[in-house]
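Sequence lines set the chain letters: A, B, ... in the order given, protein chains first and strands last, and positions in each chain run from 1. Predicted model only: the values in this text are computed from it and were never measured.
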There are 2 protein chains.
Amino acid sequence: MTRKSEDAGRSTIRDVATRAGVSASTVSRVLGGAYPVSSATRTRVMRAVRELDYVADARAKAIAGVGTPTLAFVLEDITGPSFAHMAHGVEREATRLGHLCLVCSTEGDARHELEFVEMMRAQRAAAVILVGGTADTPEYRDRTRRMADSLASVGSRLVLCGRPPLGPGAPVTVIEYDNEGGAYALVAHVLTQGHRRVLFLGGKPDHTTAQDRERGYLAAHRARGIEPDPALLLHGDFTRDSGHRLMRRAIEAGLEFTAVVAATDMVAAGALTALHEAGLDVPGDISLAGYDDIPFARDLHPALTTVHVPYEELGRLAVRTALGRTPETPDEHLLLGTHVVVRDSVGPVS
Amino acid sequence: MTRKSEDAGRSTIRDVATRAGVSASTVSRVLGGAYPVSSATRTRVMRAVRELDYVADARAKAIAGVGTPTLAFVLEDITGPSFAHMAHGVEREATRLGHLCLVCSTEGDARHELEFVEMMRAQRAAAVILVGGTADTPEYRDRTRRMADSLASVGSRLVLCGRPPLGPGAPVTVIEYDNEGGAYALVAHVLTQGHRRVLFLGGKPDHTTAQDRERGYLAAHRARGIEPDPALLLHGDFTRDSGHRLMRRAIEAGLEFTAVVAATDMVAAGALTALHEAGLDVPGDISLAGYDDIPFARDLHPALTTVHVPYEELGRLAVRTALGRTPETPDEHLLLGTHVVVRDSVGPVS
DNA sequence: ATGAAAGCGCTAACAA
DNA sequence: TTGTTAGCGCTTTCAT
């Protein structure tokens, strides 16, 4: 007739206590670990625990002050290879540090993002990691700033990972990787091969990651005294299909170029297929380069020259940095380097 | 001198109550939604909430009986494209249904998996979804059975997704997809092209997914009265590197075959590169097929013939099925179909 | 319509 | 070494 008997299984610490003939605190102490308990009682308690298959309710522990800390990871789409790698880094590091790891895909919807962050605030997550570039509008800064403040107000922390920083004073940790630098180096490499008309398959015009890579493309040209033809700057998004479509159109439009630099490896993959479909040889007729160094880059044919970004490390670092701070820690802003991986898809201009 | 003043931000429902000059219950009622509250009070409370930027502690709500339900997703490695798609499906459906979504990568470590499931039991997760094939040993069944029971005992539910079922009586939901059938159809397609010596690049010999696909390979041969040469059955794992290595060795060893079927698209990608490195043309010299239909399959050159698996749908279904049940629901066991996607990497035998 | 009090499952300070 | 009591932050009777 006890509560337990009708609600089989959901045993509480009191059920265990009763069964072991001790008080709830004693059970708590036995389970808690380091605390003096006679080995006789300990045995009895443990037996009761086993018999009831008892596990303490983590939520109750949490509000009593001894919860498993949680960490949240917010991205647009876990399906993108680079995001997946970051997610992996985050998840690995979080569990290593004894944290639970919540995920949320926003599908690029700011409202969804906002709601989720609010939930995380309610969950008292130790940190919320926002991943991936976005349009850097005043509205963005404002909204994000608000999230940062409200998280900070409950002792949590906002981390911006590969996402535009907010300017001074915002309680955020930002971890970036050098998109412009990577693109600069990559395009410099292409130019070194003698190419002068390099098509750029970019992302959304207002997307920070896309912008930074485009900036690198431009800078590399200008550093060699070349003013790139604006007609060679195409915009789409970071998907494979975008690359395919843009490339096909460029060919059909009779655009002249001897090399193409894609904003991501996904874009490059689509572009490569379009090039093949047009009967063009890479790098014989046209050179091609990507960005991100996803695992598949090696298996494209020809193997793709690209820029390596330490995504997994980025994720790990985000977690470590966010979790390693004390209230006195100044706001960090890290910038990770990238490097060009030369493979077979870029050759000398013919 | 209130608690709040020194512990800025972490305001509780009582802080709000005080500030609004009402009782905590009233605040709870206002926030709770549908309950008669004078609009004057409501306004005062809402103002206090805003001023304090208050959010109710989700954990406290949970133990009081009104928590946000949670759902856990356990896989080997989020980095694998097919896993990522399942994860996406799970996450999407979970949020659609108002659930939070926890993730854990086990890196294939059973102990890690066990620990995580125990944590989820403590969290009172609504369901725990275990993803991906594994060695189907008695030890596995035993361990998993135990997890299923212990989850059930706290009102949670174990879901096996693309993972071997446990036999009757276990409180689990299992969602599978037809690995054997898909492989059968794929290999039948290859045989139809006249190939008689088809190399199979398999996974770990005791991995269920690998076994099922291998079984399909075998069955398709036998259905045509062909007894496949055991020397053509190679084992590795599901990675790109495994495919590359296996393929290279097979070529070096002078193995004779006119087509190769890889256990996954990743394996196929590695194999393709090895084929190219050996100067072999696909499908001119050798035909090649994969399994999974990851997005990149289209961009391999030639575009990869493969088996489409509805991974995202699988994830969504797992969530819907697990969450949609009542204690009376019989244990479901769903089997999703797959289909061959014919592209350019398989051609007639030369 | 609102407040006081009890309770959710746990831990910790205080006694014994 | 162990039990009693008082919280943790919230919801929900039960009164009023």
Side-chain angles (χ1 to χ4, degrees), chain A residues 2-4 7 9-46 48-49 52-69 119 121-124 153-155, chain B residues 2-4 7 9-46 48-49 52-69 119 121-124 153-155:
Chain A
T2 69
R3 205 186 41 65
K4 210 218 130 275
D7 198 1
R10 273 101 154 164
S11 19
T12 76
I13 198 169
R14 269 185 292 274
D15 299 320
V16 177
T18 309
R19 187 170 247 267
V22 298
S23 76
S25 348
T26 300
V27 175
S28 173
R29 291 197 265 255
V30 174
L31 263 30
Y35 202 93
V37 178
S38 92
S39 80
T41 354
R42 151 164 287 114
T43 316
R44 295 218 314 289
V45 169
M46 289 314 278
V49 166
L52 261 29
D53 199 12
Y54 167 81
V55 238
D57 187 315
R59 292 112 27 120
K61 297 186 73 152
I63 91 162
V66 288
T68 313
M119 285 191 127
R121 196 159 82 100
Q123 293 287 343
R124 304 299 188 256
S153 84
V154 297
Chain B
T2 69
R3 206 186 40 65
K4 211 220 128 275
D7 198 359
R10 272 100 154 165
S11 18
T12 76
I13 197 171
R14 269 184 293 273
D15 299 319
V16 177
T18 309
R19 187 171 248 265
V22 298
S23 76
S25 346
T26 300
V27 176
S28 174
R29 291 198 264 255
V30 172
L31 263 30
Y35 202 93
V37 178
S38 91
S39 82
T41 340
R42 150 163 288 115
T43 316
R44 295 220 313 290
V45 169
M46 290 313 279
V49 165
L52 260 29
D53 199 13
Y54 168 79
V55 239
D57 187 315
R59 292 111 29 121
K61 297 187 75 154
I63 91 163
V66 288
T68 312
M119 285 189 129
R121 198 159 81 98
Q123 293 287 341
R124 304 300 187 253
S153 84
V154 298

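Annotation: side chain to side chain donor-acceptor pair (under 3.5 Å) contacts of A:T68 (sequence neighbours excluded): none. Residues satisfying the side-chain contact (heavy atoms from CB on, under 4.5 Å) criterion with B:A64, sequence neighbours excluded, are absent altogether. A:S28 is linked by a side chain to side chain donor-acceptor pair (under 3.5 Å) to nothing, counting only residues two or more places apart in sequence or in another chain. Under the rule for a side chain to side chain donor-acceptor pair (under 3.5 Å), the partners of A:R59 that lie at least two apart in sequence or sit in another chain are A:D57. The side-chain contact (heavy atoms from CB on, under 4.5 Å) check on B:T43 picks up nothing, with sequence neighbours excluded. By the side chain to side chain donor-acceptor pair (under 3.5 Å) test, A:R19 is found to be paired with A:E51, residues two or more places apart in sequence or in another chain being considered.
Using a 4.0 Å cutoff on non-hydrogen atoms, the parts of residues 59-68 of chain A near DNA chain D are A:I63, A:A64, ordered by number.
Spacing between atom CZ of B:R42 and atom C1' of C:dT2 amounts to 13 Å, rounded to whole angstrom units. Here D:dC8 presents its P atom at 14 Å from CZ of A:R124, a figure rounded to the nearest Å.
Summary of the strand contacts: A:A24 and B:V22 both lie near DNA chain C, and taking for each the nucleotide with the nearest heavy atom, the more 5' one is attributed to B:V22.
Nearest to the side-chain atoms of A:V37 among the listed nucleotides C:dT2, D:dG3, D:dT2 stands D:dT2.
Counting only residues at least two apart or on different chains, no salt bridge (charged side-chain N to carboxylate O under 4.0 Å, His left out) pair has a member in residues 26-41 of chain A.
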Grab the N/O contacts between the protein and nucleotides 14-16 of chain C below 3.5 Å, and write none if there aren't any.
none

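One cannot find a donor-acceptor pair under 3.5 Å joining the base of C:dT2 and the side-chain atoms of B:T41. Side-chain N/O atoms of B:T26 and base N/O atoms of C:dA1 include no donor-acceptor pair closer than 3.5 Å.
For the OP1/OP2 pair of D:dT5 and a distance below 4.0 Å, the side-chain nitrogens and oxygens of A:S25 include no atom meeting the criterion.
In this structure, the helix from C:dA1-D:dT16 to C:dA16-D:dT1 shows an angle of 40° between the axis at its start and the axis at its end, each fitted on 5 base pairs and rounded to 10°.
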